Amino acid sequence: MMNFKELTTQLLDWYDRNRRELPWRTETDPYRIWVSEVMLQQTRVEAVIPYYRRFLQRFPDMRALAAAEPEELLSVWQGLGYYSRARHLQQGVQEVQARYGGRMPDSREEISGLPGIGPYTAGAILSIAHNKPEPAVDGNVLRVFSRLLVIREPIDRLPVKRRIETTVREMMAGISRCGDVTQALMELGALVCVPRNPRCDSCPWQGHCAARLENAQDALPIRKAPALPRIVHVVTGLLLRDGQVLTVQRPPRGLLAGMWEFPSVESSDSPGTMADAERLLQERFRELGREITVLSAGQSLTHIFSHRQWQLRTFFCRDRAATIPGSVDAGRWLPLGRIESLNWAGPHRKIAAGLVSEMGKQIHEKGK
DNA sequence: AAACCGGGGAC
DNA sequence: GTCCCAGGTTT
């Protein structure tokens, strides 16, 4: 079989000479490793770094995070994406406080039971923070081994992942630097064994790589074809009054949970006419206790998520009647000067910014 | 197994 | 435009 001892030695030597200085590489506190690993889920290193510094400055330890207001936590996470990560992280920290007396557990069973910690993150914390021989197989590691071993099966299949976990476990056997093995494998995938145009001439494993031997590195790894994103049409109403605009908060679960937006209606097909849009918006605003009419069309824009595509059309609205009694508190009037103070749902931030510049223009016109 | 859950950088 | 990122949870 394969000489794991030699592979590991070459990998660690390469890592010692080529590793990047990253903020979490100077940390040993399991909480701080935990935070970095959650932020790095499906998120690039360069994107995480500023968020990581800000987060630890605001929440330097588990006690601070456990006691934080969810609203403030969300504002620190704003822009990173996958917002359930932040909620799960706080829940996890609170659980460590309550169940483990504030001390991070160090077994895979206990750590994996915490919200937001799956197989990868558990292995990363165990190996990096506790130096235990536990594999942490992410997209980098899958790619590296799919090439080293010429795995022609799609890497997003579970059997492939299990095989690679077993391989990493064998590499870690008898090694004193388990955390560095984990980080070195990912660093190799990030710097050398990159998705396109891998730099095989710089690779410490060039003499062992089966893909390079048969010049197959550019054809690996293989992934299953992702589902096509579904197109969703969104009609958005902008109701202005006294330099304020009406905003609403999205539900606590689901897409962009808990973030703020302008009252909107989703539909699978496009509202053909402005009258159609007005009818949809009138229903929506009625839920908020308001009778409106549509004045004019505003900007249109597209926002692409990984699994969904929003086609937004905005419409300026006007109050037609007084507030309907009994539903006063639905929605919040936001002064246009304070649009930065909300956690905006995706493209609604851009709409808000456009609104301010549009109002500025109108004031300028009036002045002439 | 497949769908859901963001945003952005590299090409 | 396409790919894919230090993935996890839910169905």
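Keep in mind that the numbers below use all heavy atoms, side chains included, and drop hydrogens, waters and symmetry copies. So that the names make sense, note that chain A is the first sequence line, chain B the second, and so on, each numbered from 1. Small disclaimer: the values here were computed from a predicted structure and weren't measured.
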Between Arg196(A) and dC3(C), is there a side-chain N or O to OP1/OP2 distance below 4.0 Å? no
Just N and O in the side chain of Thr182(A): are any of them under 4.0 Å from OP1 or OP2 of dA6(C)? no
Which is true for Arg349(A) with a 4.0 Å heavy-atom rule: it touches a base, it touches only sugar-phosphate, or it touches nothing? nothing
When you check the phosphate oxygens OP1 and OP2 of dC5(C), does a side-chain N or O of Tyr82(A) lie under 4.0 Å from one of them? no
What pairs with Gln78(A) under side-chain hydrogen bond (donor to acceptor under 3.5 Å, both in side chains), at least two apart in sequence or on another chain? Asn343(A)
Base, sugar-phosphate, or nothing for Arg230(A), non-hydrogen atoms under 4.0 angstrom? sugar-phosphate
Residue whose closest nucleotide on DNA chain B lies nearer the 5' end, Ile304(A) versus Ala227(A): Ala227(A)
With heavy atoms under 4.0 Å as the rule, sort Trp77(A) into base, sugar-phosphate or nothing. nothing
Could you tell me whether Glu287(A) and Arg284(A) have a side-chain N and a carboxylate O separated by less than 4.0 Å? yes
Sugar-phosphate only, base, or nothing, as touched by Thr43(A) at under 4.0 Å among non-hydrogen atoms: base
Nearest to the Arg85(A) side chain among dG6(B), dA6(C), dG8(C), which nucleotide is it? dG6(B)
By nearest nucleotide on DNA chain B, pick out whichever of Arg253(A) and Ala47(A) is the more 5' one. Arg253(A)
Does Gln42(A) make a side-chain N or O approach to OP1 or OP2 of dG7(C) shorter than 4.0 Å? yes
Please confirm whether the shortest side-chain N or O distance from His307(A) to OP1 or OP2 of dC4(B) is below 4.0 Å. no
For a ring-ring contact (aromatic ring centres under 6.0 Å, His included) check, start with the C-alpha distance between Tyr51(A) and Phe55(A), then their side-chain angles and the critical distance, and finish with the verdict. CA-CA 6 Å; Tyr51(A) 282 90; Phe55(A) 191 95; 9.6 Å; no
Under 4.0 Å between any heavy atoms, over every strand shown, what does Ser36(A) touch: base, sugar-phosphate, or nothing? Just pick one. nothing
Using a cut-off of 4.0 Å on non-hydrogen atoms, how would the nucleic acid contact of Lys161(A) be classed: base, sugar-phosphate, or nothing? nothing
Once you apply a heavy-atom cut-off of 4.0 Å, does Leu22(A) come out as touching a base, just sugar-phosphate, or nothing? base
When all nucleic acid strands are considered with a 4.0 Å heavy-atom cut-off, which category describes Pro119(A): base, sugar-phosphate, or nothing? sugar-phosphate
For dC5(B), does OP1 or OP2 lie under 4.0 Å from any side-chain N or O of Arg308(A)? yes
